[in-house]
Number of protein chains: 2
Amino acid sequence: MTEGSTTTLGYAILGLLAREALSGYDLASRMRARVGFFWQARHSQIYPELTRLEEGGLVTHHVVEQSDRPDKKVYRITDSGFAALSEWVTEPPPGPRAARDELVLKAYSLWLAEPELAVALFRDQEEVHRERLLEYERIEGWMEKEWGEDILRTESPRFASYAALQRGIINERGYVEWCRWVAEQLERGKGGAG
Amino acid sequence: MTEGSTTTLGYAILGLLAREALSGYDLASRMRARVGFFWQARHSQIYPELTRLEEGGLVTHHVVEQSDRPDKKVYRITDSGFAALSEWVTEPPPGPRAARDELVLKAYSLWLAEPELAVALFRDQEEVHRERLLEYERIEGWMEKEWGEDILRTESPRFASYAALQRGIINERGYVEWCRWVAEQLERGKGGAG
DNA sequence: GCCTTCATGTAAGAAGTTACATGATTGT
DNA sequence: ACAATCATGTAACTTCTTACATGAAGGC
């Protein structure tokens, strides 16, 4: 195809390339570090997608030769890539299809669990999400310190980064709250509520 | 395989069958209504999975003949199904792999959007999630009224249903909060923050 | 006449994960 | 010696979605 449209993964990649030119390898690590909490992709998915984006004219690449390490292909977003991304941003997402959470599924069958193991699971998950929350709050602090007022300038990519991070923070807070509540109920229940 | 293990979808099905015997068709509608906010599956995925579960000895079925409508296969969880489910519940989930949210991805590229369209998108999504929250809170109220103290008896399936629902409520509250915050920032920004 | 509900399946394709494959440099 | 980082790809597989296929009963 030569059209100006792509998959959701494609838009995730374009969103990163709209900020800076990157290699496939760098994109993969940015995926983990920057947008990892709401979209992930392995390099095995990224490389083919970059090829398709280039076929569609949304990105281009040039080879950067390096002496000490392997050469790399640095990808840059094109005007038509910017156009496609800008259009996609405000299109309503087609229903929140993929909301899959295995822990909530486990909660749904919690009545079958051994109480001590169940408490351990939810205390453990509470801790996992508390750590993640702390991590996000550290990034938040860094953004506020380094970027100052830019984080509230809606025409700046910094605002967009900050806004996405806020979703992560709110989500983790809720997750911690929920895990703690479940664990407390289980602990209270252990005493024996007939 | 004749072993006592299955996929996550398999456990989702077992979680429903642990409460009541159901046909594939009923399972599909329960998936939408009961566990739809944290796990979904179409009938095209459910029917083959039921066959696999039966091959693994985790469920059995018997045909119920009906005069006014098509005959159906009613599936029942087996002892070995209960055992597999009970074991799985307290096993730690293998990292929260699938946390994909297209709206957060859009937020990440919001700086490229037309401000009015962006506000419209987030006000719209705020409304969508507010409605969903209201729906969940209605179910919560129904559970509290109909089930009374059972919802806090951790050995009861009603507690498990209530706990899963709580995750949905907390999540939607956070989502609404975030959408409103983003929309407010965009509206404030429209005036012109230099 | 047409749509919805009930009822069960298969087929084709898209999306995502895990594993295979290679190879240099730098740090422990 | 061993592992990690940088760097790019392919192959096989699982998972999930969309579409195809059929057919009766009941409501509008």
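Within every chain, numbering begins at 1; the chains are lettered A, B, ... in the order of the sequence lines, protein sequences first and strands thereafter.
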Send over the distance from [X] [atom1] to [N] [atom2], rounded to a whole Å.
X       : N      : atom1 : atom2 : answer
B/Lys72 : C/dA7  : NZ    : P     : 5 Å
B/His43 : D/dT22 : NE2   : P     : 14 Å
A/Ile13 : C/dG16 : CD1   : P     : 11 Å
A/Met31 : C/dA15 : CE    : C1'   : 13 Å
B/Ile46 : D/dC16 : CD1   : P     : 11 Å
B/Glu49 : C/dT8  : CD    : C1'   : 16 Å
A/Leu22 : D/dC6  : CG    : P     : 13 Å
A/Asp71 : D/dT5  : CG    : P     : 21 Å

Residue pair A/Glu55, A/Arg52: steps toward the salt bridge (charged side-chain N to carboxylate O under 4.0 Å, His left out) verdict
CA-CA 5 Å; A/Glu55 279 165 7; A/Arg52 280 190 290 272; over 6 Å; no
Taking only Lys NZ, Arg NE, NH1 and NH2, and the carboxylate oxygens of Asp or Glu, determine whether [X] and [Y] approach each other closer than 4.0 Å.
X        : Y        : result
B/Glu137 : B/Arg173 : yes
B/Arg167 : A/Glu177 : no
B/Lys72  : B/Glu65  : no

What about A/Ser44, does its side chain sit under 3.5 Å from the base of C/dT18 through a donor-acceptor pair?
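Per atom types, the contact qualifies.
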Side chain of [X] - closest among [options]:
X       : options                : answer
A/Gln45 : C/dA15, D/dA19, D/dT10 : C/dA15
B/Tyr47 : D/dT8, D/dT15, C/dG9   : C/dG9
A/Gln40 : D/dT15, C/dT17, C/dT8  : C/dT17
B/Pro70 : C/dT17, D/dA7, D/dG23  : D/dG23

Verify whether one side chain among [X] and [Y] offers a donor that lies under 3.5 Å from an acceptor in the other.
X        : Y        : value
B/Thr60  : B/Glu54  : no
A/Gln185 : A/Arg188 : yes
A/Thr90  : B/Glu116 : no

Where do B/Arg130 and B/Glu126 land on the salt bridge (charged side-chain N to carboxylate O under 4.0 Å, His left out) test, with the steps shown first?
CA-CA 6 Å; B/Arg130 196 188 298 283; B/Glu126 183 192 343; 2.3 Å; yes
Step-by-step salt bridge (charged side-chain N to carboxylate O under 4.0 Å, His left out) determination, B/Lys106 to A/Glu91:
CA-CA 9 Å; B/Lys106 282 170 191 282; A/Glu91 271 163 27; 5.2 Å; no
Hey, does the Lys NZ or Arg CZ of B/Arg180 hover above the aromatic six-ring of B/Tyr175, less than 6.0 Å from the centre and inside 45° of the axis?
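Output no; distance or angle outside limits.
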Axis-to-axis angle between the two ends of the helix from C/dG1-D/dC28 to C/dT28-D/dA1 (five base pairs per end, rounded to 10 degrees)
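End axes: 30° apart.
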Protein-nucleic acid N or O pairs under 3.5 Å, nucleotides 26-28 of chain C:
none

Step through it carefully: locate the ring centre of B/Phe122, locate the ring centre of B/Trp178, and say whether they are under 6.0 Å apart.
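When the ring centroids of B/Phe122 and B/Trp178 are compared, they turn out to be within the sub-6.0 Å range.
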Please tell me if A/Arg100 has a side-chain N or O lying less than 4.0 Å from either OP1 or OP2 of C/dA15.
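No, outside the criterion.
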Tell me whether the OP1 or OP2 atom of C/dC6 has a side-chain N or O from B/Gln66 closer than 4.0 Å.
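Looking at the OP1 and OP2 atoms of C/dC6, neither is under 4.0 Å from any side-chain N or O of B/Gln66.
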Angle between ring planes, B/Trp88 versus B/Tyr11, binned at 30° and 60°: parallel, tilted or perpendicular?
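Ring orientation of B/Trp88 relative to B/Tyr11: parallel.
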Nucleotides 1-5 of chain C: which of its N/O atoms have a protein N/O under 3.5 Å away?
none

